[in-house]
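To start, the structure itself, in structure tokens.
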Amino acid sequence: MASEIEALRARLAELEARSAALELREKKFETRIAELDEEKRHYQWLAESTTDLISRHARDGTFLYASQAARDLLGYEPEELIGVSAYDLFHPSDLADLLNKSPRVYYHDGFYQQTYRFRAKSGRYVWFETTSRTRRDPASGELIDVLCVSRDVGRRIHAEANRERLARVVESTTDYVLFCDGGERLFYSNEAARRLLGLPREGLDAGLERAYTPASLTILREIVLPAVARYGSWSGELEMPGPQGAVPVLSVVLAHRGPGAEPDHLSLLNRDIGLRKAAEAQARRHQEQIAHANRLATTGELASNIAHELNQPLGAIGNYASGALMQLAADPERPARDLTLPLTRIDEQVQRLGERLRHIRAFVRKGQTRPRPVVLLDAVDAACRLCEWQYQQAGVALEHELPEALPRVLADPIALEQVLVNLLLNALEASREHPGAARVAVRAHQSGPREVTFSVSDQGPGVSEAEAQAIFAPFHSSRPEGLGMGLAISRSLMEAMSGSLELADSSEGATFAGTLPTEPPPAHRRVPPRSQP
């Protein structure tokens with residue numbers, strides 16, 4: 001009896017142990033179920049929170065599930081898509097491609113990616129990129145459903161299309177386009193650049209020295225590349241070697257910046273400006289010829305003044321020479337030192353005559369407009385001397401009030417003198433027949449940190465508002481005998497010297513104001529960069 005009781009106790013203990021184990025396993029099972037539920041909620045939250053559209057489809061494309069992203073991407077509530085065939089929303093052109101892939105995907109691959117257009121609720125098409133995977137029954141292999149993750153790639157598609165279009169434009173443009181890396185190695189050239197430089201279409205292995213002349217390469221290294229590294233871009237004139245010699249180009253150098261760009265890569269866009277420079281040179285030659293003709297015509301107007309200026313020293317030379325000859329006739333044995341004074345006076349007058357002749361010859365000589373530092377007062381004095389006799393004959397006072405402390409201006413001295421003479425003669429002509437027009441004044445002042453403005457003012461009838469619109473036009477003149485080229489040429493000459501000439505406001509008569517740049521301060525008198533970034 002005692003043994004049976006012990007056996008029952010042992011059996012009871014075993015059952016209790018099993019019960020405890022079962023309770024433990026049940027608790028673990030419940031814990032695992034809770035964890036799985038939590039994971040399910042987490043994954044569901046992820047599916048509903050992601051900006052990508054998560055969807056599940058039957059074999060015929062019918063929506064079995066759609067995430068909340070359907071609302072933002074397509075304008076559909078997720079419930080509206082359930083039971084709708086996705087194939088009905090494909091763009092017709094893209095559906096055929098998908099249906100051709102379907103058998104292979106469903107029965108073989110099980111995983112695929114497709115880019116296509118999908119119709120939104122509004123009727124517009126959205127570019128989608130969908131990654132799909134099929135699920136099958138492990139036992140039977142039957143297709144259960146298709147899981148899809150879709151995202152809007154419209155921006156990417158449009159960006160790629162824009163890049164393609166840009167690439168076609170770059171390849172076909174007549175500008176010379178080059179890309180280089182930080183080691184100055186070229187890794188792309190368009191068709192125009194390949195023809196000019198003789199570069200291969202494939203296997204490009206060349207440096208910047210192949211694309212630019214030695215002088216331009218020095219500018220690139222010393223000025224351009226540091227400027228681009230700091231500011232991101234630079235533009236200016238360079239030269240590229242060509243089959244017929246150096247080709248002048250307007251170059252724009254840009255740093256590659258933005259997402260995905262290599263920080264040391266550069267684009268070099270070069271436009272051939274040979275024809276433009278030739279046209280500009282031809283225009284300069286024409287302008288110089290017109291300006292020369294204007295100076296010759298002005299010299300004709302100043303003939304009486306020139307004759308007067310020459311007569312004075314010639315008369316003085318004649319008087320001193322006659323006096324010396326009379327002294328020699330009266331006393332042939334007279335010592336030569338007694339003739340020192342008349343000979344000295346004759347030499348002074350010859351020097352004065354030579355100076356005036358040189359000035360007149362320089363004024364009428366052909367030449368290019370080459371600005372350099374000029375003392376404005378010297379140019380005004382020279383112009384006033386040329387016009388002085390005409391003013392005296394007309395009874396009009398010619399005054400100039402220029403501060404001696406003015407900085408030197410950057411101008412061509414002959415061109416500046418020509419402008420002043422034109423303005424002075426115009427002012428004199430306006431004063432001749434006008435009552436009360438007794439004087440013409442030349443003034444100047446520093447009008448800015450790096451500029452000086454001079455003005456020529458008369459007391460004539462002034463310029464009407466209607467005439468002011470055309471006063472600088474070629475061949476416009478208020479005088480019957482005038483050619484109408486003086487003011488037009490004067491403005492062109494001022495612009496060629498980086499200045500300007502305008503009709504200024506005036507309470508009486510007319511005032512013409514010219515502005516010129518001044519000489520830079522000593523600390524800055526060096527060769528400036530070719531371009532400001």
- Who pairs with Arg276 by side-chain hydrogen bond (donor to acceptor under 3.5 Å, both in side chains), at least two apart in sequence or on another chain? Glu237, Glu280
- Message: Could you work out, with side-chain hydrogen bond (donor to acceptor under 3.5 Å, both in side chains) as the rule, every residue matching Ser457, not counting sequence neighbours?
- Response: Thr511
- Query: Glu519 and Arg372: salt bridge (Lys or Arg N to Asp or Glu O under 4.0 Å), yes or no, with the steps?
  - Reply: CA-CA 8 Å; Glu519 182 184 26; Arg372 61 178 184 269; over 6 Å; no
- Item | Those residues that, when tested against Arg117, pass side-chain hydrogen bond (donor to acceptor under 3.5 Å, both in side chains) (two or more places apart) | Asp94
- Could you list the residues that satisfy side-chain contact (heavy atoms from CB on, under 4.5 Å) with Ala193, not counting sequence neighbours? Tyr176, Leu178, Ser189, Asn190
Can I get a per-line list of side-chain donor-acceptor pairs under 3.5 Å for residues 215-229, giving both atom names and the distance, sequence neighbours left out?
| from | atom 1 | to | atom 2 | distance (Å) |
| --- | --- | --- | --- | --- |
| Ser216 | OG | Thr213 | OG1 | 3.3 |
| Ser216 | OG | Glu239 | N | 2.7 |
| Ser216 | OG | Glu239 | O | 3.4 |
| Thr218 | OG1 | Pro214 | O | 3.1 |
| Arg221 | NE | Glu184 | OE1 | 3.2 |
| Arg221 | NE | Glu184 | OE2 | 3.4 |
| Arg221 | NH2 | Glu184 | OE1 | 3.0 |

- Note on the structure: ring-ring contact (aromatic ring centres under 6.0 Å, His included) pairs touching residues 188-220, sequence neighbours excluded, are Phe179-Tyr188
- Got a sec, which residues hit ring pair (Phe, Tyr, Trp, His ring centres under 6.0 Å) with His445, two or more places apart in sequence or on another chain? none
- Item | More than 12 heavy atoms of other groups within 6.0 Å of Arg271 CZ | no
- Message: My understanding is that only residues two or more places apart in sequence, or in another chain, count here; which of them pass side-chain contact (heavy atoms from CB on, under 4.5 Å) with Glu191?
- Response: Glu171, Arg194, Arg195, Arg201
- Query: Taking only residues two or more places apart in sequence, or in another chain, which ones meet His91 in a ring pair (Phe, Tyr, Trp, His ring centres under 6.0 Å)?
  - Reply: Tyr125
- Message: Which residues pass the ring pair (Phe, Tyr, Trp, His ring centres under 6.0 Å) test with Phe128, not counting sequence neighbours?
- Response: Phe118
- Message: Please evaluate residues Glu399 and Arg439 with respect to the criterion salt bridge (Lys or Arg N to Asp or Glu O under 4.0 Å), reporting the C-alpha separation (whole Å), side-chain torsions for both, the decisive distance (0.1 Å), and the verdict.
- Response: CA-CA 7 Å; Glu399 305 171 354; Arg439 66 184 180 88; 3.5 Å; yes
- Task: For Ala379, enumerate each residue passing the side-chain contact (heavy atoms from CB on, under 4.5 Å) test, keeping only those at least two apart in sequence or located in another chain.
- Result: Leu416, Leu420
- Task: Please identify each residue that fulfils side-chain hydrogen bond (donor to acceptor under 3.5 Å, both in side chains) with Asp181, with sequence neighbours left out.
- Result: none
